[in-house]
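First comes the structure, then the notes that go with it.
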Amino acid sequence: MPKQIQSPAGPAHARILGVGGYRPSRVVTNEQICQVIDSTDEWITTRTGIKERRWATAEETVGMMSVSAAGKALAAAGIEPEQLGLVIISTVTHLAQTPSLAAIVANELGAVNAAAFDVSAACAGFCHGLALAQDAVRGGSAEYVLVIGVERLSDLTDMNDRSTAFIFGDGAGAAVVGPSDTPAIGPVVWGADGAQYEAIGQTFSWDALREQPELGFPALRMNGQQVFRWASYQMVPVAKKALEKAGITAEDLDAFIPHQANMRITDAMIKALKLPDNVPVARDIARTGNTSAASIPLAMERMLEEGEAPHGGLALLIGFGAGLVYAAQVVQLP
Ligand code: UT7
């Protein structure tokens with residue numbers, strides 16, 4: 001028999017202590033998008049709910065946006081960078097295979113005691129990061145965890161593609177997770193349906209450029225209708241299960257913060273979940289577009305800042321996207 005070793009042990013519960021966001025300075029209206037593609041403000045507004053989005057300037061890199069959002073989240077949480085034991089960044093637009101963006105950002109923040117790695121779970125990335133953060137805190141691997149969702153989707157958008165040019169935006173959102181006396185992050189309901197991997201992806205992978213450099217730079221492509229149907233119908237049971245696992249019903253919610261993919265998907269979910277009319281719903285997509293991993297923390301920050309959702313209230317989060325992958329959980333808002 002080998003000598004018995006110690007198991008890690010952490011506090012019984014974890015919570016979001018603070019959130020922060022970064023919205024790039026450049027506002028891009030539907031009219032500007034329609035100067036390139038054959039579309040109208042009316043079509044984009046009625047089909048998606050998007051009126052404008054933010055596209056990053058050259059200076060607004062994924063690193064710069066992450067550091068800025070993280071700084072706000074740390075300040076809101078009252079936590080110093082040295083107290084972080086882990087930095088998790090969810091992104092699909094850190095355009096270097098290695099090192100991870102998280103290692104770079106942790107260094108820039110001065111998170112000298114933190115492990116750091118990236119997660120690739122597309123638009124479900126923030127909810128994946130949050131689940132990992134809560135497990136790390138409760139498991140005793142880190143006392144405080146920084147979770148960042150950041151994207152520069154404009155880098156991977158073909159501005160001439162009528163099926164995607166109007167939908168994506170850039171930005172970063174961050175949350176600090178730490179110990180809690182009471183339960184404040186519910187069990188995650190997550191999964192992957194890799195059989196639908198072709199529904200959203202790149203026009204071609206980077207290694208295709210070795211054979212055909214004339215291909216240029218890849219872009220995101222999406223079978224919009226397939227994703228729309230999957231998200232509107234298949235995500236409802238996932239959301240219901242997250243409520244059930246947290247031990248609450250839709251009536252107990254103080255906010256619904258789904259991934260900002262399309263306002264019509266949000267509306268379909270509200271109906272299917274029978275969400276009471278008085279529960280505030282994130283509609284940040286109107287001014288921010290679909291920012292993938294950044295959309296939920298950005299929407300959360302805005303709802304708290306504008307007094308739309310109450311501090312300490314219960315919010316249902318659900319992210320879904322390329323993979324296809326999804327993750328949902330109920331959280332107590334910071
Ligand atoms: O964040 C990750 C997950 N992503 C999502 O959840 C996105 C899910 N999908 C969607 O949000 C929607 O599918 C889109 C917004 C991308 C597209 O909306 P849609 O209602 O599914 O449009 P559609 O592709 O079914 O096209 C409907 C019509 C077509 O015309 P006809 O055949 O009905 O005459 C298209 O040619 O709209 C036309 N159309 C456009 N018209 C003006 C397609 N794109 C455009 C456009 N402007 N940009």
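Atoms within a ligand are numbered from 1 in the order they appear, just like the ligands themselves. Along the sequence shown, residues are numbered consecutively beginning with 1.
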Ring pair (Phe, Tyr, Trp, His ring centres under 6.0 Å) contacts touching residues 76-123 (sequence neighbours left out): none

Under a 4.0 Å N-O cut-off, is there an ion pair linking D41 with K51? yes

If you look only at pairs with a residue in residues 178-214, which of them pass as a ring pair (Phe, Tyr, Trp, His ring centres under 6.0 Å), with sequence neighbours excluded? H128-W190, W206-F217

Test applied, side chain to side chain donor-acceptor pair (under 3.5 Å); reference residue, N30; option that passes from E52, R53, E42: R53

Does M64 form a side-chain contact (heavy atoms from CB on, under 4.5 Å) with E59? I'd like the steps, not just the answer. CA-CA 8 Å; M64 177 269 171; E59 295 74 37; over 6 Å; no

Give me each pair satisfying salt bridge (charged side-chain N to carboxylate O under 4.0 Å, His left out) with a member in residues 61-74, each pair once, sequence neighbours excluded. K72-E301, K72-E305

List, pair by pair, the atoms of ligand 1 and of the protein that are both N or O and lie under 3.5 Å apart, giving the separation rounded to 0.1 Å.
| unit_1 | atom_1 | unit_2 | atom_2 | d |
| --- | --- | --- | --- | --- |
| ligand 1 | 1 (O) | H259 | NE2 | 2.8 |
| ligand 1 | 1 (O) | N290 | ND2 | 2.6 |
| ligand 1 | 9 (N) | G224 | O | 3.1 |
| ligand 1 | 11 (O) | N262 | ND2 | 2.7 |
| ligand 1 | 13 (O) | G224 | O | 3.1 |
| ligand 1 | 20 (O) | R47 | NH1 | 2.8 |
| ligand 1 | 20 (O) | R264 | NH1 | 3.3 |
| ligand 1 | 25 (O) | Q225 | NE2 | 2.5 |
| ligand 1 | 37 (O) | W43 | NE1 | 3.3 |
| ligand 1 | 41 (N) | W43 | NE1 | 3.2 |
| ligand 1 | 41 (N) | R162 | NH2 | 3.2 |
| ligand 1 | 47 (N) | S39 | OG | 2.6 |
| ligand 1 | 48 (N) | S39 | OG | 3.4 |
| ligand 1 | 48 (N) | R162 | O | 2.9 |

